[in-house]
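I have placed the structure first, in the form of structure tokens, so that the comments after it can refer back to it.
One is the number of the first residue; the rest follow in order along the sequence.
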Amino acid sequence: MTSQTITAAASGTWKLGDRTVRRIGFGAMRLPQQGEAFAPEADSRDRDQAIGVLRRAVELGVNHIDTAAFYFSPLRSANELINRALAPYPDDLVIATKVGPGRDPSGAWLPHATPQQLRGQVEENLRQLGRDHLDVVNLRIVGTDSLADRFGALAELCDAGLIRHLGLSNIHLHHLAEAQAIAPVVCVQNMYGIGASSEQEELLRQCGEQRVAFVPFYSIAGTRRTAGAPAEDSSGVQAFARARGVSAAQVRLAWTLHRGAHVLAIPGTGDVDHLAQNVAAGSLRLSQDEVGELASLRPDDAEG
């Protein structure tokens with residue numbers, strides 16, 4: 001697979017509300033720092049390197065970037081890097097951000113925002129990105145409690161013109177129906193990949209039935225989460241990758257994309273070569289038998 005010549009167009013497209021995006025996007029979580037995201041001892045990434053990755057992503061056809069105001073290191077903010085690299089923004093670029101969590105200037109996590117605090121988080125994203133509206137705002141939650149008050153507050157900001165579309169992040173099954181009763185949901189971001197739980201499989205299925213985009217996070221990293229891709233992947237995924245002449249990360253990305261036309265991938269990296277490999281995964285075609293073979297890996301086989 002000659003990854004340098006493959007663009008995001010090979011992954012196909014899906015609609016986020018009224019915006020068409022290519023199914024391979026870019027996640028900005030790892031962009032502000034070297035090493036593990038949110039680690040207090042992590043070194044900030046070189047600014048020119050980060051800006052180069054973002055510009056190369058757009059050159060490769062990526063038009064869906066996932067970010068958040070709480071993606072920052074001591075010297076770098078993902079939103080401000082995006083602004084510096086890409087503004088004035090291409091007309092087809094969709095920037096999705098998340099609200100709910102927050103971090104203080106030292107990087108320590110704060111309690112999740114109340115409905116009253118969400119407007120301030122939205123306005124901070126607007127300021128950092130240099131925009132007068134946000135394309136997509138995902139409400140990220142923790143736990144099983146009702147999200148009605150918080151999602152309702154974001155729906156009011158849609159009515160006010162600050163937000164174009166709403167999504168959800170890190171939810172349970174019942175949250176989707178609860179939110180849909182308040183305002184349209186264009187996407188759901190949840191942890192998902194080879195070895196996913198039955199609940200996540202059901203949520204993916206329900207999103208497909210409702211034509212809601214399903215946006216997996218940690219689809220490469222798995223249980224390593226913010227630490228990123230494992231140095232050595234599981235034996236099952238490695239064997240499959242060797243047989244196809246691709247990387248284990250590309251297998252994992254391709255597998256998620258084959259779970260439904262509504263699945264969007266947002267792999268993140270601070271390296272242009274890894275970026276090209278991630279984008280090229282959108283061209284990797286798996287047979288139904290291969291998809292089933294990978295899906296049948298037990299969780300302990302699927303994780304590195």
For the side chain of Arg56 and the backbone of Asp273, is there at least one donor-acceptor N/O pair under 3.5 Å apart? no
Nearest heavy-atom contact between His175 and Thr144 is NE2-O, 3.5 Å
(Q) Side chains of Arg150 and Val99, heavy atoms from C-beta outward: is any pair under 4.5 Å? (A) no
* Do any N or O atoms from the side chain of His262 and from the backbone of Cys207 form a donor-acceptor pair under 3.5 angstrom? -> no
* For the side chain of Arg76 and the backbone of Ser44, is there at least one donor-acceptor N/O pair under 3.5 Å apart? -> no
Can Thr269 and Asp271 be counted as having a side-chain donor-acceptor contact under 3.5 angstrom?
no
All heavy atoms of Leu173 vs all of Glu199, minimum pair found to be N-OE2, 3.6 Å
Rounding to 0.5 Å, atoms CG (Leu157) and CG (Leu162) come to a distance of 5.5 Å
Exercise. Is a donor on one side and an acceptor on the other found under 3.5 Å between the side chain of Arg22 and the backbone of Gly61?
Worked result: yes
Between Arg205 and Glu209, is there a side-chain N and carboxylate O pair less than 4.0 Å apart? yes
Would you say the side-chain atoms of His64 pair up with the backbone N or O of Ala96, donor to acceptor, closer than 3.5 Å? no
- Message: Heavy-atom count check: over 12 atoms from other residues, nucleotides or ligands less than 6.0 Å from Arg285 CZ?
- Response: yes
Inset, instruction - Assess the side chains of Tyr89 and Arg131: does a donor N or O sit below 3.5 Å from an acceptor N or O? - result: no
Notebook entry, point to check: Are Leu147 and Val188 connected, step by step, through hydrophobic side chains (Ile, Leu, Val, Met, Phe, Trp, Tyr) whose heavy atoms are closer than 4.5 Å?
Noted result: yes
For Gly100, is there any backbone N or O sitting under 3.5 Å from a side-chain donor or acceptor partner on Gln121? yes
Do other residues, nucleotides or ligands put more than 12 heavy atoms under 6.0 Å from Gln288 CD? no
Value for CZ (Arg252) from CD1 (Ile220), rounded to nearest 0.5 Å, stands at 9.0 Å
Counting only heavy atoms not in Arg211, do more than 12 fall under 6.0 Å of its CZ?
no
Residues passing the side-chain contact (heavy atoms from CB on, under 4.5 Å) test with Asp159, sequence neighbours excluded, are none
Val186 meets the side-chain contact (heavy atoms from CB on, under 4.5 Å) criterion, sequence neighbours left out, with Leu16, Val136, His165
Indicate the ring-plane relationship of Phe38 and Tyr71, choosing parallel, tilted or perpendicular according to the 30° and 60° boundaries.
-> tilted
Any Arg244 side-chain heavy atom under 4.5 Å of Gln250 side chain = no
Taken to the nearest 0.5 Å, the spacing of Arg30 CZ from Ser73 OG works out to 12.5 Å
Apart from Phe72 itself, members of its ILVMFWY cluster (side-chain separation under 4.5 Å) are none
Between Glu123 and Arg119, is there a side-chain N and carboxylate O pair less than 4.0 Å apart?
-> yes
Shortest non-hydrogen pair, Arg140 vs Ser169, comes out as NH1-OG, 3.0 Å
Heavy atoms of Ala248 and Val237 approach each other most closely as CB-CG1, 3.8 Å
- Message: Could you walk me through whether Arg55 and Leu86 satisfy the side chain to side chain contact (heavy atoms under 4.5 Å, CB included) test, starting with their C-alpha distance in whole Å, then the side-chain angles of each, then the deciding distance to 0.1 Å, before giving a yes or no?
- Response: CA-CA 7 Å; Arg55 290 176 175 167; Leu86 302 178; 4.2 Å; yes
With the side chain counted from C-beta on, respond yes when Leu275 and Leu60 share a heavy-atom pair under 4.5 Å apart, and no when they do not. yes
- Item | Evaluation steps, side chain to side chain contact (heavy atoms under 4.5 Å, CB included), between Thr20 and Asp92 | CA-CA 8 Å; Thr20 298; Asp92 69 336; over 6 Å; no
Q: Mark yes or no for whether Arg23, through its side chain, and Leu257, through its backbone, hold a donor-acceptor pair below 3.5 Å.
A: yes
Mark yes or no for whether Lys98, through its side chain, and Thr67, through its backbone, hold a donor-acceptor pair below 3.5 Å. yes
Q) Are Leu129 and Leu166 in one and the same hydrophobic cluster, where Ile, Leu, Val, Met, Phe, Trp and Tyr link if side-chain heavy atoms are under 4.5 Å apart? A) yes
The test is side chain to side chain contact (heavy atoms under 4.5 Å, CB included); show your working for Val291 and Arg259 and say whether it passes.
CA-CA 8 Å; Val291 172; Arg259 301 303 283 173; 3.6 Å; yes
Self-check item: Side chain to side chain, Val122 and Leu154, heavy atoms closer than 4.5 Å
Solution: yes
Heavy atoms of Asn190 and Gln200 approach each other most closely as ND2-OE1, 3.0 Å
Heavy atoms, side chains only, cut-off 4.5 Å: are Met29 and Phe217 in contact?
no
Is a side-chain N or O of Gln49 found less than 3.5 angstrom from the main chain of Gly270, in a donor-acceptor match? yes
Heavy atoms of Asn278 and Pro267 approach each other most closely as ND2-CB, 3.7 Å
| query | Hey, quick one: are Phe26 and Ile266 part of the same hydrophobic cluster, counting side-chain heavy atoms closer than 4.5 Å, chains of contacts allowed? | reply | no
Any Leu286 side-chain heavy atom under 4.5 Å of Phe240 side chain: yes
Donor-acceptor check, side chain of Glu36 to backbone of Ala42, threshold 3.5 angstrom: yes or no? no
In this structure, CG of Leu31 is separated from CD of Gln33 (nearest 0.5 Å) by 8.0 Å
Before you tell me yes or no, could you show the steps for Ile171 and Leu203 under side chain to side chain contact (heavy atoms under 4.5 Å, CB included), namely the whole-Å CA-CA distance, both residues' side-chain angles and the distance that decides it to 0.1 Å? CA-CA 9 Å; Ile171 65 167; Leu203 185 55; 3.9 Å; yes
To the nearest 0.5 Å, atom CG of Asn138 lies from atom OG1 of Thr97 at 8.0 Å
